[in-house]
Colleague: 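Got a structure for you, written out below as structure tokens; questions coming shortly.
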Amino acid sequence: MKKTLVVSLVAMLLLVAGSVMADSYLKQATFMDGMEMMGQSQPARYDTSETWIAKGMIYSKSSDGGVFIGRVDQGKAYLVDHVAKTYSEMPIDLTEIFETATEKMDKKTTDEVAGMMGSIKTIVTPTDEVKKIKDWNAKKYVVEMDMTMMKTLMDTYTTEDIKIDVELLNLSNQCMMAPLPGFEDMINEMKKIKGVPVFNEGHIEVMGTKIKTTMELLEYKEADAPAGIFDIPEGYKKIEMKMGMGGK
């Protein structure tokens with residue numbers, strides 16, 4: 001009887017340890033309507049992205065092959081180009097990102113960015129609406145974002161059923177947007193949103209043109225991340241990150 005109890009306890013401890021140590025994988029799909037603006041046509045787009053999250057580390061690959069790696073242990077994030085075999089780096093500390101970006105942009109560029117984008121104004125409104133989306137219990141938030149020439153209105157559904165580091169999940173977007181005026185206020189406002197996004201729907205308005213967009217979490221699982229995925233491949237050349245719109 002005691003032997004059976006000990007075996008059961010060991011099995012349970014192994015199960016718990018495994019769930020705590022397991023890495024997380026997410027696959028998302030984003031759809032954006034086609035549009036016409038200033039004589040230019042942009043076809044509708046359907047893109048997928050994949051993300052791996054481990055303790056203090058994140059790897060995210062977009063549909064165009066761009067890779068973002070965040071490493072809390074190193075205090076740095078990396079943008080990796082596997083085609084050119086190059087990478088650039090930035091600090092994870094968002095205040096340091098902003099200061100670095102400001103130093104590297106000359107006054108003319110800074111004024112141009114401020115004139116085009118203005119200051120980010122963000123309003124997050126939690127609602128009482130909840131619904132089942134796939135296997136997850138989700139809560140609705142309404143997100144409004146105003147950047148002068150671009151306005152966003154989005155219904156965001158998030159779940160707390162998925163237990164991952166949400167700050168890590170949001171790291172790549174935060175790093176790219178950190179140089180923009182009003183960023184700190186936006187981050188504080190977005191903290192109202194609890195959990196992992198599983199579905200978004202709404203529109204982006206640019207110069208009077210509304211573009212419908214959706215995001216859907218296609219897959220989530222716990223599994224071991226591929227070996228070395230959070231590391232810069234050997235032989236890749238470090239290049240300077242250009243500080244401009246979108247960090248390019």
Colleague: Is there a donor-acceptor contact under 3.5 Å from the side chain of K55 to the main chain of D23?
Modeller: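 Here the side-chain-to-backbone pair does not exist.
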Colleague: Indicate if I92 and V166 have the same hydrophobic cluster label, given that clusters are the connected sets of ILVMFWY residues with side-chain heavy-atom separations under 4.5 angstrom.
Modeller: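 Same cluster.
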Colleague: What I'd like to find out is whether the side chain of R71 reaches to under 4.5 Å of the side chain of K76, using heavy atoms alone.
Modeller: no
Colleague: What is the minimum heavy-atom distance between Y141 and K194, and which atoms define it?
Modeller: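 Smallest interatomic distance, heavy atoms only, reads OH-N, 3.2 Å.
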Colleague: For the pair E216 and K134, find out whether any cationic side-chain nitrogen is under 4.0 Å from an anionic carboxylate oxygen.
Modeller: yes
Colleague: Do F68 and L171 come within less than 4.5 Å of each other through their side chains, counting heavy atoms only?
Modeller: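 Touching, per the 4.5 Å side-chain cut-off.
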Colleague: Which residues pass the side-chain contact (heavy atoms from CB on, under 4.5 Å) test with T86, sequence neighbours left out?
Modeller: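 Residues passing side-chain contact (heavy atoms from CB on, under 4.5 Å) with T86: D81, A84, K237, I239.
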Colleague: Any side-chain heavy atom of S49 sitting closer than 4.5 Å to one from K61?
Modeller: no
Colleague: Does any N or O in the side chain of T159 come within less than 3.5 Å of the main-chain N or O of N137, such that one atom is a donor and the other an acceptor?
Modeller: yes
Colleague: Hey, quick one: are L217 and Y25 part of the same hydrophobic cluster, counting side-chain heavy atoms closer than 4.5 Å, chains of contacts allowed?
Modeller: no
Colleague: Less than 4.5 Å apart, any side-chain heavy atom of T51 and any of I58?
Modeller: yes
Colleague: Against Y157, only a single residue in E129, E201, K139 fulfils side-chain hydrogen bond (donor to acceptor under 3.5 Å, both in side chains); can you say which?
Modeller: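 In the set E129, E201, K139, the residue that makes a side-chain hydrogen bond (donor to acceptor under 3.5 Å, both in side chains) with Y157 is E129.
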Colleague: Return the set of residues passing salt bridge (Lys or Arg N to Asp or Glu O under 4.0 Å) with K163 (not counting sequence neighbours), or none when no residue passes.
Modeller: none
